[in-house]
Every structure is written in structure tokens, then in C-alpha cells.
Amino acid sequence: MLSQPELLSPAGNLETLKYAVLYGADAVYCALKEFGMRAAPANFTPGELAEGCIFAHARGKKVYLTLNTLPTNEELARLPETIRDARDAGVDAFIAADLGVVELCKKYAPDTDIHFSTQAGIANYAAATASYHLGAKRVVLARELTLTEIAQIRDNTPPELELEAFVHGAMCMSVSGRCLLSSYLTGRSGNRGECAQPCRWKYYLVEERRPGQFMEIGENKGGSYILNANDLCTAPFIDLICQAGVDSLKIEGRAKTFYYVASVTSAYRRALDAYLKDPMGENFTLPDDVIDELDRTSHRHYSPGFYFGKEQALQTPSHTYVRNWDFIGTVDSWENSIASCTQRGRFLLGDTIEALQPDGTVIPLTPEWIKNEAGENVDATPHPMMKYTIPCAAPLMPYTLLRAPKKPVPGEIADPDADTTVCGDC
């Protein structure tokens, strides 16, 4: 059991790992090119993993490597090399679900901790205790558990066994991700990190004798998304999760952008720090800016998940995102009231923007001028990755993120529920 709860953030690549660490994560979890449950992100090479471990460890943070797919016999032959590479890179733990993978981790990296993945389906204290006896330092609990059930697991397991639970992000509609829907419909298995997310698709009914006549199921004007789960958000009751005995608070999103990971990590850092100021108190108050920050990333409608019972694990009849802000750039350096930036999205001279810094502070800005790399005054930042400078009286830290309120596009329906973008981030 940890002395105080850990904030654990995702990293789909080395850049995201650095932002997660700088924006407040106590640990990050990531994957190499094989054996991780997220095939969509770039993931890490052994060299990048070593660099990430050096970066994290120099700042007192940890790195966990996911090996949580269910490998075939043919793939198993390549796993020892992967384990050795990760061991030599300096990872602090392996996250695994397959018992064969667990045994190979013990054999080839005996000094590295093992965490049992949420794919192992740890839903009771007997399973958690059995995992501990099999060598688990930590178990990642099933997402379907209530706060009461988590507290019961904590009370009936060895105190040395750490408990980890998801606190934010996309939720699979299936039990702890044990889903065959994508594999059956598309040939892309969610258990291989390749989920096509058919649960997010829009569905109609077709009557047998009326082929081609698609009938709305009728949940709302946008159609029906009968399998679609809301995003999890636990910031308002993070105190209750900690008091239930959770050691590690896990943010979902290894396929998310570094802006998303930095912003959400920053918000939960502020929430957790507010709780840690008085962990024994009964009057936890969430800082006002936490929810404001969580509304500045692209997300589905929020719900408390299963923590208060399954009736609270809401499914909004839509697979749409709430997108109220655009990520527009990063700050590379600041000197003499001038910020040197890299473009990540377009903004115009006269726009009011925000700067989110690694320490969590947010600074509103309305730049009086924009200059391109040649020092010429420009009216906008239209080119991807262009270098530019803007004035800013307040010092800005490296790795500061710039964003702007989303502008309505002519002809576009402003209602976020009308957005039908298919998610690729879970």
C-alpha cells in the first residue's frame, strides 16, 4: 500500500510521456511496438523507452510497461527479448493479464514489479489475493466495481498489495474490456489492441422483408447509439476513491494527444493535491478550476461510472464529443516578455487565447502582434508547425500549452450533440 495515492497517466509516445511527467503525473504507463493493448498509438522503441525512463526517473517519477495482450504461441517466442529490452531500459513494473506473460516476466526480469491488468478481471478480494500470491505487486481493478466493493477488497487483501483504479477517460461497454464485437464484425480484436469500436457506431433496424429500409431506433434526433458509454470523470469525488483504499489513480488514454494528457493530468493533479492537504477530513472541496480544465479537452459526456452503482453508469444516446476548445500551440521558450512558440493549430491576431503551464496556472492572453520565424508581422498562424513569437508580459515555462475557444464554422451545427465524429481514442 502506497503512503499516498499515485496519479498515473497514459503515454502513447515519448513526447506525451514528457508532458505527462511535467504536468503532474507520479507515474506513466506505455507500451513498446508489440504486446500492448493499444495498437493505434506510435508507442515506443526500446531506445525511446530508455530515454523516457531516464526523463521520468530524473524527476522522481515511475514508468510502467503494458504487456497486457493475450499472445499467441508464435508471438510468445518474441516476448523474452521484449521483456529484457524493457528491463534494461529501466521500467519500474510490467502490466500483464496473461499468466504465461507473468511467468516470463518473473523469469527474465525478476527484480521488476508486476501489476495485474484490468483485463485480468479482478472484481473481488479472492481474485486480488490470488494475484498477490502469483507475484502481483499491484492489481488494476475491474471498472465495474463500486466504492463499497473496492473498500471490501482493500479490507480483505494483504496490505502490501497495491490497488489501482481508473478515474478518468473512455469506458468500454463490455466487462473490463472483454469484448469480441470488433473481432467478429471487422476482424480487428480488441484483445489484440486493435478495437474498431463498433460500440460507437450508429445503428438502425432493418425488417427482414423490407431490405434497404432503415428505421430509426429513436433515442434522439441523431439516431441511436445503444452500446455507447459516457466518459468517466471522478474528480468531484476523488476523495472517496482514495478513502476506499485505492493507491493509484489511473487516467485512460494512451491513444490521446499530448495536449489531452497534459490537460487532464494537470486537472487531476490539482484535485489530488487538494485532497492530500487534509486526507483525514470530511469536507473535501474540489477546486473550481478543475472541472473548467476538464471541459477544455475533447470528451464525451461525463458520468461517475460504476462507483455509485450501475444505475449511475450512464450511456448518453450519442457517440458525440464535447469540443469547446482548440489546441493551437506550444511554448518553446520565453525571454524579455516574448514567447517563442510552435504552431499546432491556427489562430488569428486579436484572438483571446489561454496558456496552460506545467505548474497548472492558466494565463489569458490577447497578443498584440504575431511574428513569423523571419521576424515579419503576420495576422495568423496558418502553417502546421510554423515557428512564431508573441508578446507576453508574464513569464511562460517551456512546455506551456496554448489554446483558444473553438470558433463556429459557417454552416456547421454548433450543438456538440450533432457532431458524428467516430472516436479512435479508447
Can a donor-acceptor pair be found, under 3.5 Å and without considering hydrogens, that links the side chain of Ser266 to the backbone of Ala262?
no
Side chain Glu293, main chain Val290, donor-acceptor under 3.5 Å:
no
Please examine the side chains of Thr16 and Cys30, heavy atoms only from C-beta on, and report whether any two atoms are closer than 4.5 Å.
no
Classify the angle between the aromatic ring planes of Tyr64 and His115 as parallel (below 30°), tilted (30 to 60°) or perpendicular (above 60°).
perpendicular
Under 3.5 Å, is there a donor-acceptor pair between the side chain of Asp92 and the main chain of Lys62?
no
N/O donor-acceptor pair under 3.5 Å between Thr257 side chain and Tyr260 backbone
yes
Please test Val28 against Phe55 for side-chain contact (heavy atoms from CB on, under 4.5 Å), starting from the C-alpha separation and ending with a verdict.
CA-CA 11 Å; Val28 297; Phe55 185 91; over 6 Å; no
State, without any angle test, whether Ser248 and Arg138 hold a side-chain donor-acceptor pair at a distance under 3.5 Å.
yes
So, Gln343 and Thr381: side-chain donor and acceptor under 3.5 Å apart, yes or no?
no
Any donor-acceptor pair under 3.5 Å linking the side-chain atoms of Asn372 with those of His383?
no
Criterion side-chain contact (heavy atoms from CB on, under 4.5 Å) on Ile353 and Arg403, from CA distance to verdict:
CA-CA 6 Å; Ile353 64 177; Arg403 61 195 176 198; over 6 Å; no
Would you confirm whether Tyr302, through its side chain, and Leu294, through its main-chain N or O, come within 3.5 Å as a donor-acceptor pair?
yes
Please report whether the ring centroid of Phe347 lies less than 6.0 Å from that of Phe327.
no
Taking the side chain as every heavy atom from C-beta outward, state whether Cys105 and Thr112 have any atom pair closer than 4.5 Å.
no
Could you go step by step and tell me if Asp85 and Thr82 meet the side-chain hydrogen bond (donor to acceptor under 3.5 Å, both in side chains) rule?
CA-CA 5 Å; Asp85 286 342; Thr82 296; 5.6 Å; no
Taking Arg154 for its side chain and Ile150 for its backbone only, find out whether a donor-acceptor pair lies under 3.5 Å.
no
Please lay out, stage by stage, how Arg78 and Glu34 fare under the test salt bridge (charged side-chain N to carboxylate O under 4.0 Å, His left out).
CA-CA 9 Å; Arg78 300 193 295 274; Glu34 255 192 315; 2.4 Å; yes
From Tyr307 OH over to Ile238 CD1, what is the distance, rounded to the nearest 0.5 angstrom?
9.5 Å
Look at the side chain of Glu48 and the backbone N and O of Thr45, then say whether any donor-acceptor pair between them is shorter than 3.5 Å.
yes
Centres of the Tyr399 and Tyr23 rings: under 6.0 Å?
no
Taking the cut-offs as 6.0 angstrom to the six-membered ring centre and 45 degrees off its axis, would you call Lys371 and Tyr388 a cation-pi pair?
no
For the residue pair Ser263 / Arg296, report whether a side-chain donor-acceptor contact shorter than 3.5 Å exists.
no
Under 3.5 Å, is there a donor on one side chain and an acceptor on the other for Ser340 and Thr389?
no
Counting distance only, does the side-chain N/O of Lys106 pair as donor-acceptor with the main-chain N or O of Leu134 below 3.5 Å?
yes
Are the side chain of Tyr268 and the backbone N or O of Val167 linked by a donor-acceptor pair below 3.5 Å?
yes
When rounded to the nearest 0.5 angstrom, what distance separates CD1 in Ile251 from OG1 in Thr265?
4.0 Å
Can Thr129 and Thr157 be said to form a side-chain hydrogen bond (donor to acceptor under 3.5 Å, both in side chains), step by step?
CA-CA 6 Å; Thr129 301; Thr157 51; 5.5 Å; no
Are the side chain of Trp334 and the backbone N or O of Ala393 linked by a donor-acceptor pair below 3.5 Å?
no
